Amino acid sequence: MTPHIKAKKEDIAKFVLMPGDPLRAKVIAEKFLQDVRLVNDVRNMFMYTGYYKGIRITVAGSGMGCPSIGIYSYELYKFYDVDAIIRIGSAGSYKADIDLYSIYNVKEAYSESTYAKVAAGIDSEVIEASRNLFETINETAEEKGQKILSGRIHSSDVFYREDSSLEFTIKHNLDVVEMESFALFTNAITTKKMAACLLTVSDNLITHKETSADDRQNNFMGMVELALESVLKLK
Ligand SMILES: O=P(O)(O)O[C@H]1O[C@H](CO)[C@@H](O)[C@H]1O
Ligand SMILES: O=c1cc[nH]c(=O)[nH]1
C-alpha cells in the first residue's frame with residue numbers, strides 16, 4: 001500500500017496500461033481483460049488487474065498532468081515492482097494533416113515542465129521513451145498492418161493558453177500535445193524501468209475538428225489493442 005494506491009503488492013501486474021481517465025481504465029478492463037478485479041479506488045483512481053491472452057496486466061488511471069502521473073507511476077515502479085508502463089492517452093494535433101483518430105507512438109517528449117529537474121536532477125527539456133519498448137510497439141504495429149505515426153511530442157503543463165500562436169511547435173518540432181509522458185519517461189529512467197506512450201488524436205488545434213468526451217472514454221481502442229499486443233512480446 002502507498003498513500004495513493006491501496007492494492008496489495010501482489011494485486012498489481014508487472015505490465016501496466018495507463019490512461020489518464022480512470023473511467024477509460026474501467027472500459028478497457030471490462031472489454032479486454034479476463035478474470036478482472038478492481039484493485040484500487042483511492043481517490044476514484046481506478047486500477048484493474050486481469051489477463052489478456054494469458055498475460056497478467058493492470059490497467060490504471062493516471063489522472064491529468066505530470067504531477068499526477070508522476071505520483072502513480074513512481075509508486076507503481078518503486079513499490080509495486082512494475083516493469084513497464086504504456087500510457088494510452090488522447091492528444092491534440094498541432095498539424096492540419098494529423099487527423100482525428102491518428103495513433104502516435106511517442107519517441108520523445110518535450111516539456112517546459114520542471115518535473116525531470118526537480119524529481120531526478122535531469123536538466124533536459126526532452127526525455128525519451130524507453131527505446132526497446134518504443135521499437136517493440138512500432139514492430140507490433142507493422143505486423144498488425146496498423147498505420148501509426150511517431151516522433152517528438154509536447155508534454156504540456158497547460159491545457160488552456162491565452163496566447164494561441166503555435167510558433168514554438170515549429171521551433172521544437174512538435175506534432176501533437178498531451179500532458180503526462182515527460183514525467184512518466186523521467187520516472188522510468190530514475191527507477192530503471194520501461195515506459196512508452198501511445199496517443200490517439202482527439203482534437204486538431206489547426207482545423208478545430210474534435211471528438212466528444214464520450215468518444216475519448218469509449219472509442220480509442222485501436223491504440224489499446226496495439227499496447228496489449230506489444231505487452232505480449234515483453235513476457
Ligand atoms: O486522455 P488523457 O490520457 O487524459 O490525456 C490527455 O487528456 C487530458 C486533457 O484533456 C490530459 O490528461 C492529456 O494528456
Ligand atoms: O493535452 C491535450 C490533450 C488533447 N488535446 C489537447 O489540446 N491537449
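Start at 1 with the first residue, then count along the sequence. Quantities reported herein were computed from a predicted structural model and do not represent experimental measurements. Whatever order the structure lists them in is the order used to number ligands and atoms, beginning at 1.
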Give the residue, atom name and distance (to 0.1 Å) of the protein heavy atom nearest [atom].
atom	value
atom 7 (O) of ligand 1	S90 OG, 3.2 Å
atom 2 (C) of ligand 2	V177 O, 3.6 Å
atom 10 (O) of ligand 1	F159 CE1, 3.5 Å
atom 8 (C) of ligand 1	M64 SD, 3.7 Å
atom 5 (N) of ligand 2	D203 OD1, 2.9 Å
atom 8 (N) of ligand 2	F159 CE1, 3.5 Å
atom 4 (O) of ligand 1	G20 CA, 3.4 Å
atom 14 (O) of ligand 1	E180 OE1, 2.6 Å

Will you find, in the side chains of [X] and [Y], an N or O donor that is under 3.5 Å from an N or O acceptor?
X	Y	result
H172	Y110	yes
E229	Y52	yes
E178	H154	no

### Task
Could you check which of R87, M179, E178 puts a non-hydrogen atom nearest to atom 3 (O) of ligand 1?
R87
### Summary
The residue among T191, T190, N187 that forms side chain to side chain donor-acceptor pair (under 3.5 Å) with S73 is N187
### Message
I'd like to check which ligand 1 atoms, numbered from 1 as shown, lie under 4.0 Å from a non-hydrogen atom of R24.
### Response
1 (O), 2 (P), 3 (O)
Counting from 1, what ligand 2 atoms have a heavy atom of [X] closer than 4.0 Å?
X	result
L205	7 (O)
S202	4 (C)
M179	1 (O)
E178	1 (O)

### Min side-chain heavy-atom separation F46-L38 under 4.5 Å
yes
### Heavy-atom check, side chain of L199 versus side chain of N105, under 4.5 Å
no
### Query
Is the backbone of I98 close enough, under 3.5 Å, to the side chain of N204 for a donor and an acceptor to pair up by distance?
yes
